[in-house]
Amino acid sequence: MKLKTLFMVIVMVVSLTLPSVSSVVNSTTTAEASVTYVSNLSKKEQRAKAWIAVKESGGNYRAHNGRYYGKYQLTISMLKGDYSKANQEKTADRYAHNRYGSWTKAKHHWLGYGWF
């Protein structure tokens, strides 16, 4: 009988000191939700990127126009269902680099054609 009581006390103490499953899950979820994207653009490239964002959406990550979505008005298919700020930034950087070579060249294109 004393062994069983001792075991119950140990289980109770351990359960009080370890985090609950829900707090571990919430910590993980919070960590995943706060993922950010860091770009290594020069100041000139950052200014061109910001200029395009204002022209495309007023800088609004939730702007939408038909099949275009977000701060840079990328096609919904390009974002692949991830509308997060980090994914919009990363996808826009990739798009500008692959299509134009740089954000400043993308801005020159915008000035000539009115779209990015």
Side-chain angles (χ1 to χ4, degrees):
M1 188 71 135
K2 286 187 174 193
L3 188 58
K4 185 177 179 182
T5 304
L6 180 61
F7 177 75
M8 294 300 287
V9 169
I10 291 172
V11 168
M12 197 165 65
V13 168
V14 169
S15 68
L16 291 172
T17 59
L18 292 177
S20 68
V21 173
S22 64
S23 68
V24 171
V25 170
N26 287 340
S27 297
T28 303
T29 304
T30 303
E32 290 172 357
S34 65
V35 172
T36 57
Y37 170 70
V38 178
S39 176
N40 295 320
L41 298 174
S42 69
K43 297 271 187 203
K44 184 177 180 181
E45 291 293 297
Q46 288 174 18
R47 284 191 302 270
K49 182 179 181 181
W51 185 90
I52 288 174
V54 168
K55 292 295 187 180
E56 291 293 317
S57 69
N60 182 355
Y61 283 104
R62 293 185 179 178
H64 55 88
N65 180 15
R67 66 185 188 121
Y68 302 101
Y69 186 86
K71 187 173 182 177
Y72 304 97
Q73 292 294 281
L74 302 168
T75 61
I76 291 171
S77 63
M78 287 175 76
L79 295 170
K80 299 179 181 173
D82 181 355
Y83 303 115
S84 69
K85 292 177 182 181
N87 189 52
Q88 288 186 45
E89 295 293 337
K90 178 178 67 172
T91 303
D93 281 347
R94 188 180 320 117
Y95 174 75
H97 175 73
N98 290 342
R99 182 171 175 116
Y100 303 104
S102 71
W103 280 101
T104 53
K105 290 178 183 176
K107 180 180 176 181
H108 288 295
H109 179 272
W110 201 104
L111 289 167
Y113 296 94
W115 57 271
F116 158 67

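Just the heavy atoms: all of them, side chains too, but no hydrogens, waters or symmetry mates, feed the values below.
- Residues passing the side chain to side chain donor-acceptor pair (under 3.5 Å) test with S42: none are found, sequence neighbours excluded.
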Going through the distances and angles, do Y68 and T75 end up as a side-chain contact (heavy atoms from CB on, under 4.5 Å)? CA-CA 4 Å; Y68 302 101; T75 61; 3.6 Å; yes
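- Remark: Y95 engages F116 in a ring-ring contact (aromatic ring centres under 6.0 Å, His included) (not counting sequence neighbours).
- Cluster note: V38 groups with no other residue, as no ILVMFWY side-chain heavy atom lies under 4.5 Å from it.
- Interatomic distance, R47 CZ to K43 NZ, rounded to the nearest 0.5 Å: 8.5 Å.
- The side chain to side chain contact (heavy atoms under 4.5 Å, CB included) check on A63 picks up S57, N60, Q73, with sequence neighbours excluded.
- Partners of Y83 under the ring-ring contact (aromatic ring centres under 6.0 Å, His included) rule, at least two apart in sequence or in another chain, are Y69.
- A salt bridge (charged side-chain N to carboxylate O under 4.0 Å, His left out) check over residues 51-68, counting only residues at least two apart or in different chains, returns nothing.
- Remark: K71 engages E89 in a salt bridge (charged side-chain N to carboxylate O under 4.0 Å, His left out) (not counting sequence neighbours).
- Considering every non-hydrogen atom in both L79 and N87, the closest pair reads O-ND2, 3.1 Å.
- I52 and L41 fall within a single hydrophobic cluster, where Ile, Leu, Val, Met, Phe, Trp and Tyr are joined by side-chain heavy atoms under 4.5 Å apart, directly or via other members.
- Note on Y61: it does not cluster hydrophobically with L74, by side-chain heavy-atom contacts below 4.5 Å among ILVMFWY residues.
- Residues satisfying the side chain to side chain donor-acceptor pair (under 3.5 Å) test with E45, not counting sequence neighbours, are T104.
- The side chain to side chain donor-acceptor pair (under 3.5 Å) search around N65 returns none, not counting sequence neighbours.
- The salt bridge (charged side-chain N to carboxylate O under 4.0 Å, His left out) contacts involving residues 96-116 comprise nothing, where partners must be two or more places apart or lie in separate chains.
- Take D93 and apply the side chain to side chain donor-acceptor pair (under 3.5 Å) test, not counting sequence neighbours, and it matches Y37, S39, K49, W103.
- For H109, the ring-ring contact (aromatic ring centres under 6.0 Å, His included) criterion is met by Y100, Y113, W115, not counting sequence neighbours.
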